[in-house]
Each structure stands twice: as structure tokens, then as C-alpha cells.
**Q** 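What follows is a single structure, and I will ask about it in a moment.
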Amino acid sequence: MRILVVEDNPSLAETIRLLLSQQGYGVDVTHLGQEGEEMAASEPYDLVILDVMLPDRDGMVVCRNLRRRKVSTYILLLTALSTTSEKVTGLEAGADDYLVKPFEFEELMARIR
């Protein structure tokens with residue numbers, strides 16, 4: 001399984017990459033929304049773990065753009081935004097799942113499975 005992590009926090013992105021790699025997943029990482037959108041649209045990923053608050057482009061915009069581009073890859077939004085309305089907005093943007101930071105790795109793995 002190939003996973004793309006789009007996360008602007010370098011230490012969190014590296015932790016996720018390391019832990020997923022130890023579980024046998026192939027993991028690519030980018031810290032920018034635009035680059036993540038292009039990678040997700042042009043590469044065959046099984047999952048995109050997408051931060052919402054990115055420095056160059058809102059992750060919800062990236063999610064909407066990917067769906068407009070007919071990218072059907074499973075998208076899990078990963079964000080500190082935790083209100084019900086923010087979760088609904090993310091799901092309506094085309095995300096398949098929504099995980100609030102901070103999170104436990106076991107929950108992330110359960111959602112990936």
C-alpha cells in the first residue's frame with residue numbers, strides 16, 4: 001500500500017512516515033498542499049493523509065480539487081480543527097475520514113485498515 005502524507009509539521013510528518021514504514025507501507029511525504037495535490041493526482045496512491053492547515057493551500061481546498069479532478073484515492077484529513085461543523089465541512093469537501101490532532105497511532109492505524 002502506498003500512502004502520501006501531506007503535513008507541514010516536519011517532525012510529525014517524519015514520525016508518521018517512520019511508523020507507517022515500520023508497518024510495511026510505502027510512504028511519500030510533502031509539506032506543501034500544492035505539491036501534495038499534484039502528487040496525489042499523478043501517482044497511484046492508496047491513501048492520502050492530508051493536513052488541513054497548510055502554509056500554501058488549505059487542505060480542504062486540496063481535497064475538493066482532487067475530487068474535481070476525479071481522484072478517487074481515500075483521503076483522511078488530519079487536523080487540529082475539531083468542531084462538528086469543521087468535521088462536516090471536511091467530509092463534504094470529499095474526505096473519506098477525519099482525524100483530530102493530537103491522535104494516537106493506534107487510532108490512525110485502525111482508520112487506515
Side-chain angles (χ1 to χ4, degrees):
M1 176 183 249
R2 287 190 67 210
I3 299 174
L4 173 62
V5 176
V6 185
E7 168 59 58
D8 67 328
N9 179 318
S11 63
L12 178 57
E14 179 58 19
T15 298
I16 293 170
R17 187 200 66 72
L18 180 63
L19 292 170
L20 292 177
S21 295
Q22 289 172 349
Q23 297 295 313
Y25 296 106
V27 183
D28 293 328
V29 174
T30 183
H31 305 293
L32 298 173
Q34 183 173 356
E35 183 177 33
E37 183 178 326
E38 292 307 315
M39 290 172 72
S42 63
E43 299 289 327
Y45 290 103
D46 299 294
L47 169 65
V48 176
I49 298 174
L50 178 60
D51 187 13
V52 172
M53 295 185 292
L54 296 164
D56 67 325
R57 183 175 288 177
D58 184 274
M60 292 202 198
V61 171
V62 172
C63 185
R64 277 189 204 95
N65 289 345
L66 288 171
R67 295 305 187 222
R68 282 187 197 120
R69 295 170 79 167
K70 305 296 186 213
V71 175
S72 60
T73 304
Y74 191 92
I75 298 173
L76 183 142
L77 292 179
L78 185 64
T79 179
L81 302 175
S82 62
T83 68
T84 298
S85 65
E86 290 163 332
K87 292 175 187 177
V88 168
T89 299
L91 295 169
E92 288 179 347
D96 297 287
D97 203 353
Y98 194 105
L99 183 58
V100 176
K101 297 175 191 177
F103 60 91
E104 297 294 326
F105 184 67
E106 293 81 15
E107 182 178 1
L108 175 63
M109 290 307 302
R111 289 172 184 269
I112 290 171
R113 287 190 296 274

**Q** Please answer whether the main-chain N or O of Gly33 pairs with a side-chain N or O of Asp56 as donor and acceptor at a distance below 3.5 Å.
**A**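 Looks like yes, one N/O pair under 3.5 Å.
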**Q** Any donor-acceptor pair under 3.5 Å linking the side chain of Glu107 with the backbone of Glu104?
**A**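 Side chain of Glu107 to backbone of Glu104: no pair is present.
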**Q** For the backbone of Arg2 and the side chain of Asp46, can you confirm whether one donor and one acceptor N or O come within less than 3.5 Å of each other?
**A**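 Here the side-chain-to-backbone pair exists.
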**Q** Any chance you could measure Ser42, atom OG, to Arg69, atom CZ, to the nearest 0.5 Å?
**A**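 That separation rounds to 8.0 Å.
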**Q** Applying side-chain contact (heavy atoms from CB on, under 4.5 Å) to Asp97 and Tyr74, what does each step give before you reach the verdict?
**A** CA-CA 8 Å; Asp97 203 353; Tyr74 191 92; 3.4 Å; yes
**Q** Quick one: CG on Leu12 to CZ on Arg17, what's the gap to the nearest 0.5 Å?
**A**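 Here the rounded value is 12.5 Å.
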**Q** Output the distance between atom OG1 (Thr79) and atom CG (Leu81), rounded to the nearest 0.5 Å.
**A**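 Those atoms lie 3.5 Å apart.
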**Q** Report yes if the side chains of Met1 and Ile112 come closer than 4.5 Å at any heavy-atom pair, otherwise no.
**A**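 Met1 reaches Ile112 side chain to side chain.
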**Q** Can you check whether Val48 reaches Met39 side chain to side chain, under 4.5 Å on heavy atoms?
**A**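 Not in contact.
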**Q** So do Val5 and Asp28 actually touch side chain to side chain, heavy atoms under 4.5 Å?
**A**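 Asp28 vs Val5: side chains apart.
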**Q** Mind checking the OG1-OH spacing from Thr73 to Tyr45? Nearest 0.5 Å is all I need.
**A**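 The OG1 atom of Thr73 sits 10.0 Å away from the OH atom of Tyr45.
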**Q** Spell out, yes or no, whether Leu19 and Leu47 are grouped together once hydrophobic residues are joined by side-chain heavy atoms under 4.5 Å, including indirect joins.
**A**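 In one cluster: yes.
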**Q** Ignoring hydrogens and angles, tell me if any N or O in the side chain of Asp96 forms a donor-acceptor pair with the backbone of Ile75 under 3.5 Å.
**A**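 Yes: the side chain of Asp96 pairs with the backbone of Ile75.
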**Q** So which heavy atom on Gly94 is nearest to which on Cys63, and how close?
**A**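 Distance-wise, the nearest heavy atoms are C-SG, 3.5 Å.
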**Q** Residues in side chain to side chain contact (heavy atoms under 4.5 Å, CB included) with Arg57, at least two apart?
**A**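 Once residues adjacent in sequence are excluded, the partners of Arg57 under the side chain to side chain contact (heavy atoms under 4.5 Å, CB included) criterion are Gln34, Glu37, Val61, Val62, Asn65.
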**Q** What's the shortest heavy-atom distance between Asp8 and Pro55, and which atoms?
**A**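 Shortest heavy-atom contact: CB-CD, 3.5 Å.
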**Q** What are the two closest heavy atoms between Arg67 and Ala93, and how far apart are they?
**A**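 Minimum heavy-atom contact is CG-O, 4.1 Å.
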**Q** Test of understanding: clusters of I, L, V, M, F, W, Y form through side-chain heavy atoms closer than 4.5 Å, transitively. Do Tyr25 and Leu78 belong to the same one?
**A**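 Yes, Tyr25 connects to Leu78 through the hydrophobic network.
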**Q** If we only count heavy atoms from C-beta on, is the Ile49 to Glu7 side-chain gap below 4.5 Å?
**A**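 No, side chains not in contact.
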**Q** Nearest 0.5 Å please: distance from the CD atom of Glu38 over to the OG1 atom of Thr30.
**A**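 Answer rounded to 0.5 Å: 11.0 Å.
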**Q** So Phe105 and Thr15, side-chain contact (heavy atoms from CB on, under 4.5 Å) or not? Walk me through it.
**A** CA-CA 10 Å; Phe105 184 67; Thr15 298; over 6 Å; no
**Q** Does Leu66 share a hydrophobic cluster with Leu54, counting links as ILVMFWY side-chain heavy atoms below 4.5 Å and allowing steps through other members?
**A**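 Yes, one cluster joins them.
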**Q** Please find the pair of heavy atoms, one from Ala80 and one from Met53, that lie closest to each other, and give the distance.
**A**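 So the minimum-distance heavy-atom pair works out to CB-CE, 4.2 Å.
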**Q** Test side-chain contact (heavy atoms from CB on, under 4.5 Å) on Val6 and Leu4 and set out the steps.
**A** CA-CA 6 Å; Val6 185; Leu4 173 62; 3.9 Å; yes
**Q** How many angstroms lie between CG in Leu76 and CG in Asp51, if you round to the nearest 0.5 Å?
**A**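 That separation rounds to 11.0 Å.
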**Q** Should Val29 and Met109 be regarded as members of a common hydrophobic cluster, given that ILVMFWY residues are connected when their side-chain heavy atoms come within less than 4.5 Å of each other, either directly or indirectly?
**A**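 In one cluster: yes.
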**Q** In the single-linkage hydrophobic clustering (I, L, V, M, F, W, Y; side-chain heavy atoms under 4.5 Å), do Ile16 and Val27 co-cluster?
**A**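 Looking at the clustering, Val27 is in the same group as Ile16.
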**Q** Any idea which heavy atoms bring Phe103 and Val100 closest together, and the distance?
**A**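 Shortest heavy-atom separation between Phe103 and Val100 comes out as CB-O, 3.6 Å.
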**Q** Might you point out which heavy atoms bring Val71 and Ala40 nearest each other, and give the distance in Å?
**A**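 Of all heavy-atom pairs spanning Val71 and Ala40, the closest is CG1-O, 3.9 Å.
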